[in-house]
Chemist: 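Once you've had a glance at the structure underneath, I'll fire off some questions.
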Amino acid sequence: MTDKQPHRRTPMSRPLKITLSIAGVLVAIPFIAIIILLTFDWNRAKPWLNAKVSEAIDRPFAIAGNLAVHWERPAASIPPAQRTWRDHIPWPHLVADDVHVGNPAGLPQQDMASVHQFSFSLDPFALLGHRIHIPVLRFDGPRVDLLRTDATHYNWVFKHEEKESKWKLDLERLVLAQGVVHVQDAVTKADVTANVNTLANDPTYGIAFTLDGKYNGAPVDGGGKLGKVLSLTDQDTPFPVQADVRSGPNRIALEGTVTRPAKLAAIDLRLKLAAASMARLYAFTGVLLPETPAFSTEGHLTGSLGDDSRWVYDDFKGKVGESDIAGRLEFQTGKPRNKLTGNVKSRQLRFADLGPVVGADSNASKKARGVAAVQPAGKALPVEKFNTDKWKTLDADVRYAADRIVKDKNLLNKLSTHLIMKNGVLTLDPLNFGLAGGTVNSTIKLDGSAGGTAPIKATADVTARQIKVKQLFPQVEKIQQATAGDIYGQAKLTATGDSVGAMMANANGEVKGLVSQGVVSKLLLEEAGLNVGNVIITKLFGDKPVQLNCLAADLGVKDGVAHTRTFVLDTEEAIVDINGSVNMANEQMDLRIKPETKGLRLFTLRTPFFVRGTFKKPDLSLDKKVLALKGGAAAVLATVAAPVAALIPLINTGPGQDSPCNALLAQAHAKPQAPPPGKSAKR
């Protein structure tokens, strides 16, 4: 009988042992990490964590309360409609109580932000790929205090790390509950508090907020609603928003959705705006708009943020003062400057609503739209300065048209202009409108590219054609009964200055004009709003109409002073020659009027007549015996009362062969020449 040999197992090879050991370690690492993660006392790590975060954000950071980790399914805090399959997987959930973030150096050492508790779930497997995946970040009882003490010191900008990090933050959703946001800004004089509260049983919104405080010295109040869960990754999940906030005459109301609010990937809102002036919107929108009366609009706003973001305010309607507006505006960011384009139209434009654009409104109106009441009581030309500092922040290409213009009597119509702003140069080319059956065509250019305190370089080229005297004064019966002619004119001026008044005080160029036939009277001048003429007519001879054969003028403008090269008035009773100057810097007139009678019955018309004083307070100086002087002075003053707007007749037909106006027509046919801005006109 043979002995049986015991069975011996084949020994495991060394390479296989090493392979299995490595595999076991790799399988065990996640479980060991999870066990450590859940059993470790994280409060022991708070000093290290506080220091590292403080260093990273360059301001104090502290977790003053408990810091713990436990298991949680993200789906527990997410509405069913917004859950994904991953939200049902239990993940480690970090909870930190009583967390504080301070202000950076140079600002009051107080909290910029604090939260009773913040918590988030963490995908541990994503850490292997250097990705911090947080499906939900929740803040309970947060408070944020945004502070700005001057233009360069504010607490909402964190230290920027130039070095590219290997880690990528993947935050999907943000949940807020019971919070406070306080804004204190010395620049805009704002002190506003928003109280945030959660809503129950609201199918659309989960958070409501109210606003209270002051902005630019005016009370602020309002509120709104937001969605409960803010999706930061799902571009197809719109975040609902609704708000209505007022501050004095200013109001912003909106309702719609925002997609990916962290980047404002898409905005679709019904937007209402109201303010004391369109210019007041610059602080909120960065869009440069002109000074206007109080306005309100409502339209559809769509857009997105990015390197080349595009915002469209479409199908909007509203009012500016007592004028209506409607149209479409598009704002595009880019290089070298942002750009505003669009088309705006008015059915009816009230002429007075254009006054704030050039500062020609009253001091009361200025105060209402939020600018200093700077117009001196004795000045007629506007002195409110144009703010060119912001002109280079925006280029613009906007067309505007108005069907009807209302100014006392309905004399103006069909205004149209093409506004172009490029690199600080504003051009209105053309600026056209209808006036009393005729047309006024002009090109205006304001070069503010120098910015700062440098004056604007301005040029103006204005032409008036076939303005009907009868239509210009439809309420004057004598004109309707007479054979009234047309008004023609042309002016070319250059100037420098920071306001309309300053530009006129430095103006250079030429003005020429002709009025063929008509009637002058006190009532006519009242219709035209010419106060100077009213004073003359009233003091001299009441309101006796005088037949006008023609009026022809040729004026040279040098350094803000308009000098008469030729100025002749031909009436049925006299031929009047006018000489002198009008100084637009001090608004002083110095005119000598020499009438020559056409008949023996008015021999006293040979006595000179003087007009001096200011635009607002003209002074009449004449021999008291010459009270028989009638039509000449009234017609002259009808022109010099508004020397800036004097129009020059350029026509081929005129009065009879014996009229001295014929001698001026040849000169009038020559086009006015204006020197470059800043240079004197040639005499």
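Computation of the quantities below employed the complete heavy-atom set of this structure, encompassing side-chain atoms and omitting hydrogens, waters and symmetry-equivalent molecules.
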Chemist: Ser277: what forms a side-chain hydrogen bond (donor to acceptor under 3.5 Å, both in side chains) with it, not counting sequence neighbours?
Modeler: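 For Ser277, the residues satisfying side-chain hydrogen bond (donor to acceptor under 3.5 Å, both in side chains) (neighbours in sequence not counted) are Glu291.
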Chemist: Check salt bridge (Lys or Arg N to Asp or Glu O under 4.0 Å) between Arg399 and all other residues, then give those that pass, not counting sequence neighbours.
Modeler: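 Here no residue qualifies.
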Chemist: Is it true that Lys422 and Asp397 have a side-chain N and a carboxylate O under 4.0 angstrom from each other?
Modeler: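 Asp397 and Lys422: not salt-bridged.
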Chemist: Less than 4.0 angstrom from a charged side-chain N to a carboxylate O is my criterion; do Lys385 and Asp498 meet it?
Modeler: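 Yes, charged N to carboxylate O under 4.0 Å.
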Chemist: Are Leu415 and Phe351 close enough that some pair of their side-chain heavy atoms sits under 4.5 Å apart?
Modeler: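 Sidechains of Phe351 and Leu415: no contact.
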Chemist: Asp395: which residues meet the salt bridge (Lys or Arg N to Asp or Glu O under 4.0 Å) condition with it, sequence neighbours left out?
Modeler: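 Partners of Asp395 by the salt bridge (Lys or Arg N to Asp or Glu O under 4.0 Å) criterion, ordered by chain and then number, come out as Arg337.
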Chemist: If you measure from CG on Asp403 to CD1 on Ile405, what distance do you get to the nearest 0.5 Å?
Modeler: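 The distance works out to 10.0 Å.
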Chemist: Please report the closest heavy-atom contact between Asp244 and Arg251, naming both atoms and the distance.
Modeler: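 Heavy atoms only, the tightest pair is OD2-NH2, 2.8 Å.
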Chemist: Could you name each residue pair satisfying side-chain hydrogen bond (donor to acceptor under 3.5 Å, both in side chains) that touches residues 342-351, not counting sequence neighbours?
Modeler: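 Those involving residues 342-351 are Ser346-Tyr400, Gln348-Arg404, Arg350-Asp353.
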Chemist: Can you list the residues that meet the ring pair (Phe, Tyr, Trp, His ring centres under 6.0 Å) rule with Tyr154, with sequence neighbours excluded?
Modeler: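 Listed in chain order: Trp156.
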Chemist: For Ser499 and Ala502, indicate whether the former's side chain and the latter's backbone hold a donor-acceptor pair under 3.5 Å.
Modeler: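 Checked: pair present.
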Chemist: How far does CD of Gln332 sit from CH2 of Trp311, to the nearest 0.5 angstrom?
Modeler: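 Going from CD on Gln332 over to CH2 on Trp311, the span is 11.5 Å.
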Chemist: Who pairs with His300 by side-chain hydrogen bond (donor to acceptor under 3.5 Å, both in side chains), at least two apart in sequence or on another chain?
Modeler: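 In terms of side-chain hydrogen bond (donor to acceptor under 3.5 Å, both in side chains), with neighbours along the sequence ignored, His300 is linked to Asp268.
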Chemist: A side-chain contact here means heavy atoms from C-beta on lying under 4.5 Å apart; do Pro376 and Val383 qualify?
Modeler: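 With C-beta onward as the side chain, the pair touches.
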Chemist: Which is it for Val183 and Tyr215 under the side chain to side chain contact (heavy atoms under 4.5 Å, CB included) test, yes or no, and what are the steps along the way?
Modeler: CA-CA 10 Å; Val183 179; Tyr215 179 83; over 6 Å; no
Chemist: Which residues pass the salt bridge (Lys or Arg N to Asp or Glu O under 4.0 Å) test with Lys379, not counting sequence neighbours?
Modeler: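 Residues passing salt bridge (Lys or Arg N to Asp or Glu O under 4.0 Å) with Lys379: Glu587.
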Chemist: If you measure from OH on Tyr205 to CG on Leu226, what distance do you get to the nearest 0.5 Å?
Modeler: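 If we round to the nearest 0.5 Å, Tyr205:OH and Leu226:CG are 8.5 Å apart.
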Chemist: Walk me through whether Val220 and Asp212 qualify under side chain to side chain contact (heavy atoms under 4.5 Å, CB included).
Modeler: CA-CA 5 Å; Val220 173; Asp212 183 57; over 6 Å; no
Chemist: Give me the atom names and distance for the closest heavy-atom approach of Ile325 to Met278.
Modeler: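 Heavy atoms of Ile325 and Met278 come nearest at CD1-CE, 3.9 Å.
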Chemist: Mind checking side-chain hydrogen bond (donor to acceptor under 3.5 Å, both in side chains) for Asp389 and listing every partner two or more places apart, or none if nothing turns up?
Modeler: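 Listed in chain order: nothing, the list is empty.
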Chemist: Roughly how far apart are Thr210 OG1 and Asp221 CG, rounded to 0.5 Å?
Modeler: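 Thr210 OG1 to Asp221 CG: 10.0 Å, rounded to 0.5 Å.
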Chemist: Please report the interatomic distance CE(Met584) to CE(Met504), rounded to the nearest 0.5 Å.
Modeler: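 So the gap between those two atoms works out to 4.0 Å.
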Chemist: Search all heavy atoms of Met503 against all heavy atoms of Ala458 and return the closest pair with its distance.
Modeler: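 In terms of heavy atoms, the two residues are closest at SD-CB, 3.8 Å.
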Chemist: Rounded to the nearest 0.5 Å, how far apart are CG of Leu428 and CG of Leu419?
Modeler: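 Output value for this atom pair is 5.0 Å.
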Chemist: Do Lys214 and Lys189 have side chains that approach each other closer than 4.5 Å (heavy atoms only, starting at C-beta)?
Modeler: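 They are not in contact (no side-chain heavy atoms under 4.5 Å apart), so the answer is no.
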Chemist: Distance-only, no hydrogens or angles: does the Asn508 side chain make a donor-acceptor pair with backbone N or O of Leu493 under 3.5 Å?
Modeler: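 No, the answer is negative, given that no donor and acceptor are paired below the 3.5 Å cut-off.
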Chemist: Could you tell me which residues satisfy ring pair (Phe, Tyr, Trp, His ring centres under 6.0 Å) with Tyr313, sequence neighbours excluded, listed by chain and number?
Modeler: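 In terms of ring pair (Phe, Tyr, Trp, His ring centres under 6.0 Å), with neighbours along the sequence ignored, Tyr313 is linked to Phe316.
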Chemist: Quick check against the 3.5 Å criterion: does Thr297 have a side-chain atom that pairs as donor or acceptor with the backbone of Gly318?
Modeler: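 No; judged by distance alone, with no hydrogens or angles, the pair does not exist.
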Chemist: Pair Phe209, Asn195 - check side chain to side chain contact (heavy atoms under 4.5 Å, CB included), show working.
Modeler: CA-CA 5 Å; Phe209 67 91; Asn195 291 290; over 6 Å; no
Chemist: Only distances under 3.5 Å count here; give the side-chain donor-acceptor pairs of residues 436-450 to other protein atoms, sequence neighbours excluded, each with its distance to 0.1 Å.
Modeler:
unit_1	atom_1	unit_2	atom_2	d
Ser442	OG	Leu431	O	2.7
Thr443	OG1	Asp429	OD1	3.3
Asp447	OD1	Ser449	N	3.0
Asp447	OD1	Ser449	OG	2.6

Chemist: Excluding sequence neighbours, so at least two apart, what forms side chain to side chain contact (heavy atoms under 4.5 Å, CB included) with Arg328?
Modeler: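 For Arg328, the residues satisfying side chain to side chain contact (heavy atoms under 4.5 Å, CB included) (neighbours in sequence not counted) are Arg310, Val312, Asp314, Glu330.
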Chemist: I'd like to check the salt bridge (Lys or Arg N to Asp or Glu O under 4.0 Å) partners of Glu298; sequence neighbours left out, ordered by chain and number.
Modeler: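 Expected list: Arg270.
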